[in-house]
Amino acid sequence: MNLDFSPEEIAFRNEVREFIRENYPKELEGIGSREDLTREEFLAWHKVLGKKGWSTPAWPEKYGGTGWTSTQRYIWSEENARVDALMPLPFGVSMVAPVIYTFGNEEQKARHLPGIRSGEVWWCQGYSEPGAGSDLASLKTTAVRDGDHYVLNGQKTWTTLAQHADWGFFLCRTDPTAKKPQEGISFILVDMNTPGIEVKPIKLIDGTHEVNETWLTDVRVPVENLVGTENEGWTYAKFLLAHERSGIAGVARSKRGVERLRNIASEELVDGKPLLQSQDFARKISQLEIDLTALEFTELRTLASEAAGKGPGPESSILKVKGTEIQQRLTELTLEAVGNYGAPYGYGMEGTGNDGFGVGPDHANFAAETYFNMRKTSIYGGSNEIQRNIISKMILGL
Amino acid sequence: MDFNFTEEQNMIRDSLSRLIREQYDFDTRRKVVESEAGWRPEMWAQFAELGLLMAPFSEEDGGLGGGPIDAMVVMEEFGKGLVVEPYVPSVVCGGGFLKRGTDAQKEEYLSGIMSGENVFAFAYAEPRGRYNLADLETTAKKDGAGYVLNGHKAVVIGAPWATHFVVTARTSGDRRDSKGVSVFVVAKDAQGVSTRDYPTVDGRRASEVYFENVSVGAEAVIGEVDNGLPLIETVTDEAIAAICAEACGAMKVAHAMTVEYSRQRKQFGVPIGKFQVLQHRMVDMFMEHEQSISMTYMATLKLDEDEVTRKKAASAAKVRIGQAGRFIGQEAVQIHGGMGMTDELAVGHYFKRLTMIDSEFGNIDHHLKRYTGLTEMDLPAAAE
Ligand SMILES: Cc1cc2nc3c(=O)[nH]c(=O)nc-3n(C[C@H](O)[C@H](O)[C@H](O)COP(=O)(O)OP(=O)(O)OC[C@H]3O[C@@H](n4cnc5c(N)ncnc54)[C@H](O)[C@@H]3O)c2cc1C
Ligand SMILES: Cc1cc2nc3c(=O)[nH]c(=O)nc-3n(C[C@H](O)[C@H](O)[C@H](O)COP(=O)(O)OP(=O)(O)OC[C@H]3O[C@@H](n4cnc5c(N)ncnc54)[C@H](O)[C@@H]3O)c2cc1C
């Protein structure tokens with residue numbers, strides 16, 4: 001065991017830092033606090049990385065992974081977080097792609113993986129339904145075989161950024177007579193331009209349009225878009241969820257968040273002195289940093305055991321729970337730090353042409369909105385209650 | 001000891017709760033919040049008609065002879081309905097200052113507050129002052145018999161709807177001195193007053209208010225020149241009691257909605273309310289709400305006591321309610337799952353209002369510090 005970077009790793013870090021400095025799109029700088037980004041903004045860095053061959057470090061090399069060690073990947077996320085880089089979204093790169101290269105056929109790999117790497121093709125996740133949230137296996141959307149097509153009917157919801165999506169991966173019921181709800185589900189790739197798909201916005205409490213209802217009416221999907229075996233979709237879905245969870249810890253990003261919080265707290269004043277020098281607030285930052293360190297080392301241990309050949313197991317639930325609690329605490333403290341200027345509403349009221357953006361110091365913009373928005377993190381990706389249930393069942397044997 | 005409400009107070013509650021039920025449902029509120037004006041002057045007129053705007057004032061002053069408990073009753077109902085109209089800025093703060101003003105000031109302004117014609121906003125916070133009421137860069141310089149005001153007030157709630165401001169400014173001493181603070185009444189249309197208006201995250205409206213060489217007469221001073229801070233603290237403590245009551249109303253609804261949702265929403269074949277981990281969380285929410293009611297009563301009943309007792313009570317309530325509001329708001333959203341995150345459901349709006357109440361008139365840390373500063377920290381004799 002040791003914590004030092006080798007000379008090669010230091011050289012790698014310098015290379016990466018240099019590359020980011022020279023290539024990170026100027027138009028994305030400082031965009032981090034906004035949530036309502038355009039498709040182009042979301043994809044700008046992804047496309048640069050795609051060209052460089054660095055958009056999918058975690059993939060196996062034969063599909064376009066970088067072959068980096070877990071330490072290199074750690075360095076990679078740290079360096080990106082340092083500049084608040086807008087990283088590739090997870091839906092393609094770290095959700096559907098691992099399913100495709102693990103369970104898909106050669107044709108599917110050839111067809112879909114390149115567009116995910118390059119950032120040309122945007123994917124969305126069609127799992128949840130109005131009646132199937134935590135109990136995902138109770139999903140009702142059906143896919144009925146009709147010649148060489150499946151015909152899909154049902155309603156998905158909470159589909160993140162589906163308004164920009166070219167493709168979606170959907171869980172559908174193909175065998176309604178199966179004995180257990182987990183059986184009889186299939187994993188199907190769907191071109192979002194297929195007739196019969198309707199994507200309707202859901203506005204969230206912070207004012208953003210981040211999620212959607214996705215309605216499917218007689219959507220005809222070629223059978224070759226089935227991944228793996230019919231009725232075996234649940235296995236792939238769970239595999240994907242474990243991948244989704246491990247990415248969710250967000251350590252490097254939270255570290256950068258703590259740094260930003262420290263900067264804000266050194267500019268904000270209490271009785272004429274920096275907030276950072278108030279014991280009360282400084283201790284809260286310290287506590288957060290201590291919790292983050294514990295998470296970081298837990299993640300490093302997990303990565304090491306993954307590198308030793310064990311896939312992400314139920315331990316990834318720890319990363320999800322602790323990671324999201326820290327992200328939420330961070331936004332809570334940021335809102336606290338900005339004091340009265342948390343109140344102005346940056347997105348404003350539609351139609352009134354008046355918003356609260358730019359009232360007060362720049363660092364206060366969207367502090368409250370971000371805090372509200374981040375409440376989602378303990379709900380999605382398997383709620384934190386569900387994660388605790390998983391640990392209780394799978395690790396404690398209760 | 002008596003925790004019962006008077007007949008009048010019960011009547012206020014009943015008629016207000018009916019009005020809110022009938023004319024302030026969540027969809028109507030949404031339309032109002034999203035409208036250009038952001039409030040309903042005609043609703044304000046109805047509040048006036050119901051006597052709400054005069055309820056807390058003495059009969060001598062033309063009020064209904066109630067007091068802070070009447071304001072508490074009103075604010076709890078406002079909290080339940082997420083009412084956006086500026087009762088605290090105008091009636092509790094504006095009225096709170098002016099009822100302590102001269103007879104001429106009462107005549108000129110207070111009757112208008114009670115009738116609803118005058119709408120006040122309280123311009124006290126400043127960009128670099130945080131929650132310290134004496135940390136003022138706004139100045140009022142003596143000019144003949146009157147004063148000239150210069151400065152910038154931050155996040156003045158209700159200012160876009162106001163006809164008048166109560167403004168705190170430094171008349172002498174150094175920034176943050178407790179002496180040298182004075183309170184002025186300034187008409188919004190006075191020469192040199194300008195605003196930048198915007199909505200707030202919890203559905204209200206506020207402004208940055210700028211004073212540029214605004215001339216006022218000597219009669220604009222409320223209370224004593226240079227000794228305004230005790231008055232400001234008195235009124236602010238009344239406002240704290242009022243928003244604690246508002247928080248209690250919002251907590252009650254957020255909790256009730258959550259319990260109800262947990263009965264309706266089924267996952268894994270059972271209502272989610274059957275999961276013990278959620279049951280205990282909802283029990284904790286219930287206990288937090290009950291503690292908040294207790295603290296609100298306590299703080300409201302102690303508003304008339306000596307200064308230290310009053311301040312400690314207000315700070316204690318504000319701390320406890322800040323914590324309870326955060327817990328209840330966050331858990332209400334969490335237990336609603338994805339639905340709690342939507343703008344469409346009311347529950348997220350209660351969460352937002354409860355969040356913002358913590359930072360109004362000083363947050364948890366500010367009031368813990370104030371409370372601690374007012375508490376004797378002498379060691380017990382034996383330890384010396
Ligand atoms: C912003 C956002 C983005 C999302 N993006 C996507 C997406 O792109 N694609 C997609 O498919 N889905 C997405 N989701 C959906 C998300 O995965 C679900 O919201 C989540 O699974 C919870 O389901 P639910 O909202 O129906 O809540 P419910 O399952 O109804 O849960 C309500 C509450 O009950 C609790 N609960 C449920 N079961 C239990 C139990 N057994 N024991 C204890 N407590 C329990 C939950 O933890 C929660 O607190 C997104 C959600 C949000 C909020
Ligand atoms: C100092 C002391 C004084 C006592 N005095 C008295 C007395 O005067 N009279 C008297 O009758 N008894 C008395 N008791 C006994 C006490 O009532 C029992 O200890 C108590 O009922 C718990 O029972 P148990 O110890 O068998 O623990 P268990 O019932 O086995 O509980 C073990 C754990 O499981 C939890 N648990 C159990 N059931 C549930 C559930 N349904 N949901 C969630 N969690 C659950 C418990 O909270 C506890 O954490 C006393 C106990 C102590 C320690």
Side-chain angles (χ1 to χ4, degrees), chain A residues 128 131-135 137-138 157-158 202-207 210-211 268-272 275 278 280-281 284 328 332 335-336 338-357 359-361 368-369 371-373 375-376 378-380 383-385 388-389, chain B residues 33-38 125-132 135 154-155 157 175-176 196-206 208 265-269 272 275 277-278 326 330 333-334 336-345 348-349 351-352 355-356 358-360 363-366 368-369:
Chain A
S128 306
S134 297
D135 183 12
S138 69
T157 191
W158 312 121
I202 300 174
K203 187 172 164 192
L204 294 184
I205 46 176
D206 60 328
E210 182 179 321
V211 295
E268 289 288 334
L269 301 177
V270 182
D271 303 333
L275 177 62
S278 104
D280 295 332
F281 202 77
K284 289 186 209 182
Q328 291 179 334
E332 189 172 78
L335 174 59
E336 188 178 326
V338 304
N340 293 309
Y341 280 119
Y345 180 34
Y347 295 109
M349 299 300 167
E350 276 161 50
T352 64
N354 112 9
D355 67 33
F357 180 80
V359 173
E369 290 85 339
Y371 165 66
F372 298 144
N373 183 276
R375 300 315 304 173
K376 71 189 175 188
S378 51
I379 295 169
Y380 69 17
S383 75
N384 286 12
E385 285 78 19
R388 286 184 166 91
N389 287 350
Chain B
V33 164
E34 290 174 359
S35 70
E36 197 172 337
E126 297 196 357
R128 279 169 295 274
R130 207 173 178 81
Y131 306 124
N132 182 342
D135 194 341
V155 198
I157 300 291
R175 190 174 158 191
R176 288 187 294 281
R196 174 180 170 186
D197 302 348
Y198 48 86
T200 62
V201 290
D202 54 355
R204 292 164 323 143
R205 298 291 163 99
E208 299 301 288
R265 173 67 173 170
K266 282 191 180 163
Q267 287 291 278
F268 304 100
I272 57 172
F275 299 125
V277 65
L278 301 190
R326 176 161 73 197
Q330 292 181 348
V333 170
Q334 181 69 21
H336 275 79
M339 290 306 292
M341 288 296 298
T342 61
D343 178 73
E344 186 192 338
L345 243 63
H349 297 264
F351 163 55
K352 292 197 279 187
T355 303
M356 298 324 289
D358 179 38
S359 64
E360 275 174 30
N363 68 357
I364 295 170
D365 278 9
H366 173 84
L368 260 181
K369 196 166 151 192

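Note on naming: letters A, B, ... go to the chains in the order of the sequence lines (proteins, then strands), and numbering restarts at 1 for each one.
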Inset, instruction - Count the heavy atoms of every other residue, nucleotide or ligand shown that sit under 6.0 Å from CD of B/Glu344, and state whether that count exceeds 12. - result: no
Legend entry - Rounded distance (nearest 0.5 Å) linking atom CD of B/Glu126 with atom CG of A/Asn340: 10.5 Å
Legend entry - A/Tyr371 to B/Thr355 - nearest heavy-atom pair and separation: CE2-CG2, 3.6 Å
Inset, instruction - Measure the acute angle between the ring planes of B/Phe351 and A/Phe372, then classify it against the limits of 30° and 60° as parallel, tilted or perpendicular. - result: perpendicular
Legend entry - Sequence-distant partners of B/Tyr131, side-chain hydrogen bond (donor to acceptor under 3.5 Å, both in side chains), two or more places apart: none
Inset, instruction - Among the options B/Glu36, B/Arg204, B/Gln334, pick out the one with the most heavy-atom pairs lying under 4.5 Å from chain A. - result: B/Gln334
Inset, instruction - Name the region of B/Met341, side chain, backbone, both or neither, that has any atom closer than 4.5 Å to a heavy atom of chain A. - result: both
Inset, instruction - For chain A, find which of B/Glu360, B/Lys266, B/Arg265, B/Lys352 contributes the most heavy-atom pairs closer than 4.5 angstrom. - result: B/Lys352
Legend entry - Side-chain heavy-atom pair A/Tyr347, B/Pro199 within 4.5 angstrom cut-off: no
Inset, instruction - Using non-hydrogen atoms and a 4.5 Å limit, figure out which bit of A/Ile202 sits close to chain B: side chain, backbone, both or neither. - result: side chain
Legend entry - A/Glu332 versus chain B, the contacting section by heavy-atom distance below 4.5 Å: side chain
Legend entry - Heavy-atom pair with the smallest gap, counting every atom of A/Val270 and B/Lys369: CG1-NZ, 4.1 Å
Inset, instruction - Select one option (side chain, backbone, both, neither) describing which atoms of A/Ala137 are under 4.5 Å from chain B's heavy atoms. - result: neither
Legend entry - Results of side-chain hydrogen bond (donor to acceptor under 3.5 Å, both in side chains) for B/Tyr198 - residues two or more places apart only: B/Glu208
Inset, instruction - For A/Glu385 and B/Leu278, work out which heavy atoms get closest and say how close. - result: CG-CD2, 4.1 Å
Inset, instruction - Could you tell me which portion of B/Ala206 (side chain, backbone, both or neither) has an atom closer than 4.5 angstrom to a non-hydrogen atom of chain A? - result: neither
Legend entry - Minimum heavy-atom distance A/Asp271-B/Asp135, with the two atoms named: CA-OD2, 4.0 Å
Inset, instruction - Go through the atoms of A/Ala368 and report whether side chain, backbone, both or neither lie under 4.5 Å from a heavy atom of chain B. - result: side chain
Legend entry - Options A/Glu336, A/Arg388, A/Glu268, ranked by heavy-atom pairs under 4.5 Å with chain B, top entry: A/Glu336
Inset, instruction - Mind checking the CG-CD1 spacing from A/Asp280 to B/Ile364? Nearest 0.5 Å is all I need. - result: 11.5 Å
Inset, instruction - Tell me, for B/Leu368 versus chain A, whether the close heavy atoms (under 4.5 Å) come from the side chain, the backbone, both or neither. - result: neither
Inset, instruction - Would you mind checking which part of B/Ser35 comes under 4.5 Å of any heavy atom in chain A, side chain (CB onward), backbone (N, CA, C, O), both or neither? - result: backbone
Inset, instruction - For chain A, find which of B/His366, B/His336, B/Arg326, B/Met339 contributes the most heavy-atom pairs closer than 4.5 angstrom. - result: B/Arg326
Legend entry - A/Asp135 side-chain N/O to B/Gln267 backbone N/O, donor-acceptor pair under 3.5 Å: no
Inset, instruction - Would you give the length of the straight line joining atom OG of A/Ser278 to atom CZ of B/Arg130, rounded to the nearest 0.5 angstrom? - result: 8.0 Å
Inset, instruction - Side chain from CB out, backbone as N, CA, C, O: work out which of these in B/Arg176 comes under 4.5 Å of a heavy atom of chain A, or both, or neither. - result: side chain
Inset, instruction - Report the option among B/Arg128, B/Met356, B/Glu34, B/Gln330 that has the most heavy-atom pairs separated by less than 4.5 Å from atoms of chain A. - result: B/Gln330
Legend entry - Residue, of A/Leu275, A/Leu269, A/Leu335, A/Val359, that accumulates the most heavy atom pairs under 4.5 Å with chain B: A/Val359
Inset, instruction - Please name the pair of heavy atoms, one in A/Phe357 and one in B/Arg196, separated by the smallest distance, quoted to 0.1 Å. - result: O-NH2, 3.1 Å
Legend entry - Distance, nearest 0.5 Å, that separates OG1 of B/Thr342 from CG of A/Leu204: 7.5 Å
Legend entry - Closest contact, heavy atoms only, A/Ser134 versus B/Phe268: O-CZ, 3.4 Å
Inset, instruction - For chain A, find which of B/Val201, B/Ile157, B/Val33 contributes the most heavy-atom pairs closer than 4.5 angstrom. - result: B/Val201
Inset, instruction - Tell me, for A/Val338 versus chain B, whether the close heavy atoms (under 4.5 Å) come from the side chain, the backbone, both or neither. - result: backbone
Inset, instruction - Sort out for me which of B/Ala125, B/Gly129, B/Gly337, B/Gly348 touches chain A most, counting heavy-atom pairs under 4.5 Å. - result: B/Gly337
